[in-house]
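I have placed the structure first, in the form of structure tokens, so that the comments after it can refer back to it.
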Amino acid sequence: MEYNIPRGTYDILPEASPARQALYARFLRLAEAFGYHEITTPVFEQAALFERSSGESSDVVQKEMYRFNDRKGRVFALRPEGTAPVVRSYLENRLDLKGENKLCYWGPMFRYDRPQAGRYRQFYQYGIEFIGSDHPYWDAEVISFLWVFFQSLGLKELRLELNSVGCPDCAATYETALRDYYRPHLDQLCPDCLKRFELKPRRLLDCKVPSCKAFAKDAPSQLDYLDQSCAEHFEQVKAFLNLMNVPFTINPGIVRGLDYYTNTAFELIYEGIGAQNSLAGGGRYNGLIEQMGGKSTPAIGFAGGIERLLLALEAEGISLADSPGPDLYVIAMGVEARDFIVHLINELRAGGISVVYDPEKTSFKAQLKAANSSRARFAAIIGEDELAAGQVMLKNLETGQQQAVKADALLQFLG
RNA sequence: GUGGAUGUAGUUCAAUGGCAGAGCACCGGAUUGUGGUUCCGGGCGUUGGGGGUUCGACUCCCCUCAUCCACCCCA
């Protein structure tokens, strides 16, 4: 083989396609039920869109973005996430004026990262964005969308974790407090945590090194550093979630990776698919739209990973769709029978019947065997007798029963 | 980006440095018009790729590519 697939990518083979299609259909159906409409943006955008929105210091921008120049030197990037493009489109197309503020999407994202179970360089995400209100009801509705979606798929081992990272003011005072707490212990932290201390002090809390974990226990919590309105907002989100019967656990360690998040942050955790156990995550981003040049507009959304969801479904033995066999397998004995049925096959197909026929299989046995393994519902057998009578012998491959059917009545019979 | 494991037929896996094999799957056949079971037969490998050591390399060494696991990060 001279060529092979790029690292961290994968082919969606025919056998895997039905499950994904089913997932997509279910997502869209639920999105519609919640009043969301699908939006599809390009897979590449100006690199600056992501650099500014996600934050220059974020890992996504620093080392995971596929950046390239086009022939005129413009700098683009394969999208590493879906929110910024959706917001860009929302502003550019003035969807605010059309009241189009519940948007959902589905498509490939790209991050140059080391591949691992549940982590790819081209991966697929689905998500929703609610734009235009800071009311806590919408936080709860977005979260409940996620919850209902997973419940409807039948997944059991789910954990919804909730946190509030506050507004930029709360976040700043909290990070100061956090640094004050850790500063005396800097010499006892792991090297990674020393970097975290400088760049992302919140990440100190979920370090997995035992010695660091000990400090995390007594570290200050963001929840104690929320100002009046942020605290109230959080309380109301929780209250709405309770009213919606969405179970959640508070985890002050939930940190969103991208800079634009404010207040509500949440993550859906699934144990049992490896280290990459976050099936979906999201939160509020009240500052993003203004930062991107729109007028100050609050918003909230989430994104989930298809690959991880499929892994979770597999882990629980849930199959959404198996590829069905064709409706009909045509068995023709001899060239005259063949010439008789080739046109009939097209008519049936045009009528929406899926038909399999293989002219290279000539022996009766081979054809019937193939009919069986194709999992077709029926086999249509045409030999000399049938040809003379202008009919086919229609055999139910499950029961073995067969009956003669007029050729021109076949479409009606099968349809 | 860091560390570790692995790479042999379509697939799951064997093979002390000495002729590359098995199950499953696939294809064909068992007196030419009735499938799934059974029986018989069949093909397949540049042992991921490249280089080195050796009389001889799937086996040992180096490089490379890929996958998996963990870190990191996240969906």
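This one's a predicted model, so the numbers in the text were calculated from it and none came from an experiment. First the proteins, then the strands, lettered A, B, ... as listed; each starts at 1. No hydrogens, no waters, no symmetry mates; every other heavy atom, side chains included, goes into these values.
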| query | Considering Watson-Crick and G-U wobble pairs with both distances under 3.5 Å, what does G35(B) pair with? | reply | none
| task | Please report, rounded to the nearest Å, how far the P atom of C72(B) is from the CG atom of L199(A). | result | 15 Å
| said: Taking the C1' atom in each of G42(B) and C55(B), what is the distance between them to the nearest angstrom? | reply: 36 Å
| task | Can you measure from OH (Y182(A)) to CG (L189(A)) and round to the nearest 0.5 angstrom? | result | 7.0 Å
| Length of the line joining Q403(A):CD and G33(B):P, which is rounded to integer Å | 23 Å
| query | Side chain of E398(A), base of G36(B): donor and acceptor closer than 3.5 Å? | reply | no
| Between the base of U2(B) and the side chain of R114(A), is there any donor-acceptor pair under 3.5 Å? | yes
| So, R284(A) side chain and P136(A) main chain: donor-acceptor pair closer than 3.5 Å or not? | no
| remark: The Watson-Crick or G-U wobble partner of C68(B), with both key distances under 3.5 Å, is G4(B)
| task | Please tell me which of the listed nucleotides, U34(B), G28(B), C69(B), lies nearest to the side chain of A117(A)? | result | C69(B)
| said: Check this for me, if you would: do E271(A) and R159(A) make a salt bridge, where the nitrogen-to-carboxylate-oxygen distance has to be below 4.0 angstrom? | reply: yes
| query | Between S373(A) and F364(A), who's closer to the 5' end of RNA chain B by nearest nucleotide? | reply | S373(A)
| remark: The nucleotide from U34(B), U67(B), A75(B) with an atom nearest the side chain of P115(A) is U67(B)
| Can you tell which of G35(B), C73(B), C71(B) lies closest to the side chain of N372(A)? | G35(B)
| Upstream residue (5' side of RNA chain B) when P6(A) and K369(A) are each assigned their closest nucleotide | K369(A)
| Rounded interatomic separation in angstrom, taking CG from L368(A) and P from U34(B) | 9 Å
| Base, sugar-phosphate, or nothing for R196(A), non-hydrogen atoms under 4.0 angstrom? | sugar-phosphate
| message | Taking only the C1' atom of each, what is the distance from A57(B) to C69(B) in whole angstrom? | response | 29 Å
| request: Answer yes or no: is there a donor N or O on one side and an acceptor on the other, between the side chain of E290(A) and the main chain of G287(A), under 3.5 Å? | output: no
| said: Main chain of R202(A), side chain of E175(A): is a donor-acceptor contact present, judged purely on distance under 3.5 Å? | reply: no
| query | From the list A75(B), G29(B), G28(B), which nucleotide is the closest neighbour of the side chain of K361(A)? | reply | G28(B)
| query | To the nearest Å, how far apart are R202(A) CZ and C72(B) P? | reply | 19 Å
| Taking the same atom, P, in G18(B) and in G35(B), what whole-Å distance lies between them? | 49 Å
| What does G8(A) touch in the nucleic acid at a heavy-atom separation under 4.0 angstrom: a base, only the sugar-phosphate, or nothing? | sugar-phosphate
| C72(B) phosphate, OP1 or OP2, under 4.0 Å from K63(A) side-chain N/O | no
| message | What contact category does I331(A) fall into here, base, sugar-phosphate, or nothing, at under 4.0 angstrom with non-hydrogen atoms? | response | nothing
| Euclidean distance for P, U11(B) against G52(B) (whole angstrom) | 30 Å
| query | In Å and rounded to the nearest 0.5 Å, what is the CD1 to OG distance from I289(A) to S53(A)? | reply | 11.5 Å
| field | Complement of C24(B), any strand, by Watson-Crick or G-U distances under 3.5 angstrom | value | G10(B)
| note | When rounded to the nearest 0.5 Å, the distance separating CD of Q402(A) from CG of L394(A) is 9.0 Å
| query | Separation of E336(A) atom CD from G33(B) atom P, in whole Å? | reply | 15 Å
| query | Whom does C55(B) pair with, Watson-Crick or G-U wobble, provided both distances fall under 3.5 Å? | reply | G18(B)
| Donor-acceptor pair under 3.5 Å, R119(A) side chain vs C69(B) base | no
| remark: Rounded to whole Å, CD of Q367(A) lies from C1' of G36(B) at a distance of 17 Å
| said: Just to be sure I understand the rule, does G383(A) reach a base, reach only the sugar-phosphate, or reach nothing, if contact means heavy atoms closer than 4.0 Å? | reply: base
| Proximal nucleotide (of U67(B), C72(B), G35(B)) relative to the R7(A) side chain | U67(B)
| message | Suppose you measure atom C1' in U2(B) against the same atom in C58(B); what distance do you get, rounded to whole Å? | response | 30 Å
| How far does the C1' atom of A25(B) sit from the matching atom of G36(B), given to the nearest Å? | 15 Å
| said: Work out how far the C1' atom of G10(B) is from that of C19(B), and round it to whole angstrom. | reply: 25 Å
| field | Whole-Å distance separating the CE atom of M65(A) from the P atom of C73(B) | value | 19 Å
| message | By nearest atom, which of the nucleotides G33(B), G1(B), A75(B) is closest to the A303(A) side chain? | response | A75(B)
| query | For Y120(A) and A66(B), what is the distance between atoms OH and C1' respectively, to the nearest whole Å? | reply | 13 Å
| said: What's Q402(A) touching, base or sugar-phosphate or nothing? Going by heavy atoms closer than 4.0 Å. | reply: base
| So what does L397(A) hit on the nucleic acid, given a heavy-atom distance under 4.0 Å: a base, only sugar-phosphate, or nothing? | base
| said: Between G28(B) and G21(B), how many Å separate the two P atoms, rounded to a whole number? | reply: 26 Å
| query | Do the side chain of T173(A) and the main chain of D169(A) share a donor and acceptor less than 3.5 angstrom apart? | reply | yes
| message | What's Q401(A) touching, base or sugar-phosphate or nothing? Going by heavy atoms closer than 4.0 Å. | response | nothing
| field | Among C73(B), A75(B), U34(B), the nucleotide that comes nearest once only the side chain of Q276(A) is considered | value | C73(B)
| request: Please tell me which of the listed nucleotides, U34(B), C71(B), C73(B), lies nearest to the side chain of D113(A)? | output: C73(B)
| Q116(A), nearest nucleotide to its side chain (from G35(B), A70(B), G33(B)) | A70(B)
| Parallel, tilted or perpendicular: which fits the ring planes of Y124(A) and Y10(A), with parallel below 30° and perpendicular above 60°? | perpendicular
| query | Looking across every strand, which nucleic acid part, if any, lies under 4.0 Å from E267(A) by heavy atom: base, sugar-phosphate, or nothing? | reply | nothing
| said: Considering every strand and a 4.0 Å limit on heavy-atom distances, what is the contact class for Y126(A): base, sugar-phosphate, or nothing? | reply: nothing
| message | So G400(A), base contact, sugar-phosphate only, or nothing? Heavy-atom distance under 4.0 Å. | response | base
| message | Is there a side-chain contact between K395(A) and the phosphate of G35(B), meaning an N or O under 4.0 Å from OP1 or OP2? | response | no
